[in-house]
Amino acid sequence: MYEQASHSLLNEILIELKPEIGNARMRHFYTRLGANFYAIHSLFHLLYGERPDFKEQMASLVETLASRYLERAPGLRKSDLAREKDYNWFLSQKWVGMALYCDRFADDLKGLRAKLPYLQDLGVNMVHVMPILDCPADNSDGGYAVRDFHQAAARFGTMRDMEDLAATLKKRDMLLVLDIVVNHTSDEHEWARCARAGERKYQDYYFVFDDRETPDIFEETMPEIFPATSPGNFTWDAEMGKWVMTVFNHYQWDLNYRNPAVLIEMIDIILFWANQGADILRLDAVAFLWKKMGGVCQNEREAHLLLQLMKDCCQVTAPGVLFIAEAIVAPGEISKYFGEDAINAKECEIAYNATFMALLWDAVATKNAKLLNQGVKSLPGKLERATWLNYVRCHDDIGLGFDDNDIRLAGFDPAQHRRFLIDYFTGRFPGSPARGLPFGENPKTGDARISGSLASLVGLESALESRDEVAIEAAIKTILLLHGMILSFGGIPLLYYGDAIGTLNSLEYLADPAKAADNRWMHRSHFDWNKAQKRHEIGSVEQRIFSALKKMIALRKEITAFADFDNRQLLAVDNLNLLLFSRTDPRNNRNRVLVMGNFSVAEQELPVGALRAQGFFQREGMKDLCSGERILVENNAIVLPPLSCNWLTD
Ligand code: GLC
Ligand code: GLC
């Protein structure tokens with residue numbers, strides 16, 4: 001849509017810009033600014049139109065976009081152009097990600113460069129390097145309490161090392177994912193220090209109050225994120241003599257996006273990291289961006305407007321860079337982070353599929369796929385240029401964020417079922433082999449989440465201790481089944497470092513007073529390279545997991561039906577131990593894969609009548625690509641092995 005007012009404003013702003021912005025190197029910038037300006041202006045006006053300094057703020061935003069464009073390296077500009085042409089590039093099945101802590105995996109940035117062959121051996125070609133920015137030593141929240149958004153922490157190395165890592169990844173055709181902590185800063189960030197020293201300008205970057213009156217009103221409706229370690233949403237700062245909003249830990253000050261200066265600073269930071277060579281930026285805790293009295297202060301409409309603005313601005317300066325929304329919210333809310341009422345993603349192109357993750361864990365505990373089928377059925381649709389990040393474990397706790405209605409439809413009582421899951425994964429449920437710990441228990445609401453490493457949660461730790469071969473085998477199969485699901489579901493699979501070699505819980509964190517109270521550190525251990533070596537010893541646990549995963553990853557990359565073009569169909573099935581869906585190659589619909597997961601510890605029989613009607617099992621059997629075996633039809637039924645993931649083709 002062409003809009004005169006925004007065009008004339010754009011002209012005014014451009015005329016007043018620095019002279020170097022007028023030269024030919026800016027050609028693509030102008031085209032993109034022209035294409036996005038109407039949206040940028042409208043959104044900015046919706047949020048900040050009432051302010052007397054609206055026009056100056058708008059000009060400052062455009063200047064930020066232009067300045068960062070000026071410094072964008074030629075190689076990155078080239079890749080922007082290529083990705084604009086091949087705009088579905090990230091929907092390809094060829095991408096397989098892993099999230100890792102640079103220091104815990106490889107000491108530092110240089111070390112990480114040296115360890116890339118390990119990732120490539122497994123088949124990983126997208127690396128989410130967890131936060132590496134400067135943070136206070138003790139109050140860092142694992143890197144999510146940033147003190148300086150432009151500086152890597154010294155222990156990780158220099159910005160030069162970062163540049164080298166980005167360049168090496170590019171050469172190896174691997175993608176770099178970095179975090180931008182958009183919702184808050186450390187209380188030691190320069191802005192917070194200035195605010196504390198009494199500077200009004202910087203107090204306006206945060207939510208600062210003289211007394212408890214407003215905080216108390218907020219508290220009436222805001223949930224607590226870390227009730228056990230950091231209760232409440234406000235912290236008294238003695239030096240400033242004021243209360244400050246701290247939704248996460250007491251040392252993480254929430255940024256106030258009602259102030260346009262904050263948004264412009266953050267867009268500048270986003271573009272700075274885009275210019276360091278990040279292909280994808282993970283925007284942390286995006287659900288929390290807008291705070292409103294009387295609300296839960298999550299998923300507010302304005303948070304979405306802010307994300308649209310961030311996206312439109314990034315589109316102007318660094319259009320090849322994608323966003324991941326880290327919004328671990330209710331199933332109905334998650335897909336809104338792709339953008340509502342749009343065809344293509346207009347906020348974040350990628351979102352954590354927290355619902356699928358939690359549903360998979362439900363299937364592990366119940367050993368059936370009742371809720372999994374129900375939850376997948378209710379998963380909201382996705383936009384065209386949008387994709388999921390499918391994961392089993394990450395550095396955070398597992399939240400049981402299913403829809404209560406789905407739990408009921410699956411035949412359970414929501415409160416009781418959640419209690420069962422917590423009991424199961426913390427090993428309190430009789431016979432449970434899991435070794436997790438409850439995280440963020442809230443006695444007021446009865447809520448709790450779960451910490452623990454994948455291997456320990458599926459029972460590998462207890463099985464190894466009791467030297468129970470059957471239980472060890474079951475745990476390994478569960479690990480492979482879960483990965484088989486995230487590799488085939490549709491979206492980018494994101495593995496978690498350590499899981500490919502069956503890393504168990506680590507209690508090392510208890511010795512560090514800065515970490516002891518946060519049991520998420522039990523699944524953030526130092527990667528054990530001696531253990532990783534065992535992946536070469538035939539028959540070892542490490543080898544059984546690693547080699548099977550490596551094979552599945554290689555297969556995934558070859559299966560064009562696994563690219564994410566909304567080409568998944570959930571298949572109804574009478575046997576609720578199973579999850580069945582088909583994936584169809586959009587360019588050749590004869591090219592189909594039937595994915596079957598059996599979550600039961602017993603083998604399962606399935607009559608093939610319904611599948612035959614869908615065009616599967618036309619002959620005597622189908623081939624399982626994962627095991628290489630044929631699944632044969634006998635007496636009009638097939639039998640699926642226990643805890644198995646099957647990718648079947650004709
Ligand atoms: C995100 C991170 C989590 C962190 C929180 C606060 O949820 O994944 O680790 O504690 O944000 O920054
Ligand atoms: C918040 C985040 C979620 C994370 C948790 C940290 O709920 O949205 O991602 O798991 O904090 O524990």
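For ligands, and for the atoms within them, numbers begin at 1 and follow the listed sequence.
- The aromatic rings of F425 and W361 sit perpendicular to each other, their planes meeting at more than 60°, with 30° as the lower class boundary.
- Considering each of D141, I328, V247, the one bringing a non-hydrogen atom nearest atom 6 (C) of ligand 1 is D141.
- In this structure, Y497 has no side chain to side chain donor-acceptor pair (under 3.5 Å) partners at least two apart in sequence or on a different chain.
- Between W253 and Y206, the angle of the ring planes goes over 60°, which puts this pair in the perpendicular group of the 30/60° scheme.
- Applying the salt bridge (Lys or Arg N to Asp or Glu O under 4.0 Å) test to E333 and every residue at least two apart in sequence or in another chain returns K336.
- Close contacts of ligand 1 with H184, meaning ligand atoms under 4.0 Å from a residue heavy atom, involve 6 (C), 12 (O).
- Using a 4.0 Å cut-off between heavy atoms, R282 contacts ligand 1 through its side chain alone, with no backbone atom that close.
- Between the side chain of H523 and the main chain of H395, a donor-acceptor pair closer than 3.5 Å is present.
- Note: H189 and F149 have tilted aromatic rings, judged against thresholds of 30 and 60 degrees for the angle between ring planes.
- Using a 4.0 Å cut-off to heavy atoms of F226, the atoms of ligand 1 that qualify are 10 (O).
- By the 4.0 Å heavy-atom criterion, D284 is counted among the residues contacting ligand 1.
- Every atom of ligand 1 with a heavy atom of R520 under 4.0 Å away is listed here by number and element: 3 (C), 4 (C), 9 (O), 10 (O).
- Each of the following atoms of ligand 1 lies closer than 4.0 Å to a heavy atom of F248: 5 (C), 6 (C).
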